[in-house]
Amino acid sequence: KGAAWLAHHHADLRVADTLVVNSTSCGEILRDLAPGPSLAAARLPLGIDLATFRPGGDRASARRSLGLPARAPVLVYTGRLSRQKNVHLLVSVLREVRRRGVDAHLLVVGAYDDFVIPEAPGDAPIDVAGALPALVAEERLGRHVTVVPHLPPDELATVLAAADLGV
């Protein structure tokens with residue numbers, strides 16, 4: 001959404017405006033969308049504690065503690081569980097992956113968030129805390145989806161060891 005806005009409104013920005021980007025590739029996208037000298041970009045990398053979040057960990061133990069299958073591919077999402085993050089799409093992804101014959105499991109880690117940026121005036125907030133479990137039940141995927149509440153970093157790192165692929 002931000003990039004689309006920027007592409008249409010970059011002429012409104014002033015020389016004093018600065019956009020913070022989190023990678024060199026985002027900076028390149030910015031230069032493509034808002035060419036010219038009117039907008040500065042400051043790179044502020046995402047802060048990831050590499051001492052906590054690193055490859056490795058005891059996969060078998062992490063899966064046992066979460067009740068996850070020992071051998072199935074585990075897809076993991078971590079973040080806010082909100083409309084903006086489109087978490088319900090993950091259920092569709094899992095359904096399609098399983099339809100194609102892969103015995104996959106979805107691990108969702110995060111806190112439900114009902115904060116909404118309206119797409120159009122009058123949009124009603126979606127009850128993600130009710131809608132996500134309802135969709136999982138409707139798709140008959142309850143045995144293949146595990147939802148874990150928000151975790152502190154050290155516990156999250158342990159849980160991530162159970163996963164094969166981040167989505």
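For this chain, numbers begin at 1 and follow the sequence in order.
Applying the side chain to side chain donor-acceptor pair (under 3.5 Å) rule to pairs touching residues 145-156 yields His105-Thr146, sequence neighbours excluded. Evaluation of the side chain to side chain donor-acceptor pair (under 3.5 Å) test over residues 130-143, restricted to residues two or more places apart or in two chains, returns Arg95-Glu139. Among residues at least two apart or in separate chains, side chain to side chain donor-acceptor pair (under 3.5 Å) pairs with a member in residues 40-49 are Asp49-Thr52.
Here the shortest heavy-atom pairing between Gly130 and Pro133 reads O-CD, 3.5 Å. The two residues Tyr112 and Val128 come nearest to each other via the heavy atoms CE2-O, 3.6 Å. Closest non-hydrogen pair, Cys26 versus Asn22, comes out as SG-OD1, 3.5 Å.
Applying the salt bridge (Lys or Arg N to Asp or Glu O under 4.0 Å) criterion to Arg99, with sequence neighbours excluded, gives Glu96. For Ser23, the side-chain hydrogen bond (donor to acceptor under 3.5 Å, both in side chains) criterion is met by Ser25, not counting sequence neighbours.
The CG atom of Leu106 lies 10.0 Å from the CG atom of Leu68; values are rounded to the nearest 0.5 Å. Separation of atoms CG (Leu132) and CG (Asp127) is listed at 10.5 Å; rounding is to 0.5 Å. The CG atom of Leu141 lies 9.5 Å from the OG atom of Ser92; values are rounded to the nearest 0.5 Å. In this structure, the separation between CG on Leu94 and OH on Tyr77 is 16.0 Å, given to the nearest 0.5 Å.
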Output a table of donor-acceptor pairs, distance under 3.5 Å, between side-chain atoms of residues 160-167 and any protein atom two or more places apart or on a different chain; print 'none' if there are none.
unit_1 : atom_1 : unit_2 : atom_2 : d
Asp164 : OD1    : Arg59  : NH1    : 2.4
Asp164 : OD2    : Arg63  : NH2    : 2.5
Asp164 : OD2    : Val74  : N      : 2.8

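The closest side-chain heavy-atom distance from Val147 to Leu81 is below 4.5 Å.
When atom types are taken as modelled, the side chain of Arg98 and the backbone of Ala104 share a donor-acceptor pair closer than 3.5 angstrom.
A chain of hydrophobic side-chain contacts below 4.5 Å, direct or via other Ile, Leu, Val, Met, Phe, Trp or Tyr residues, connects Val109 to Ile48.
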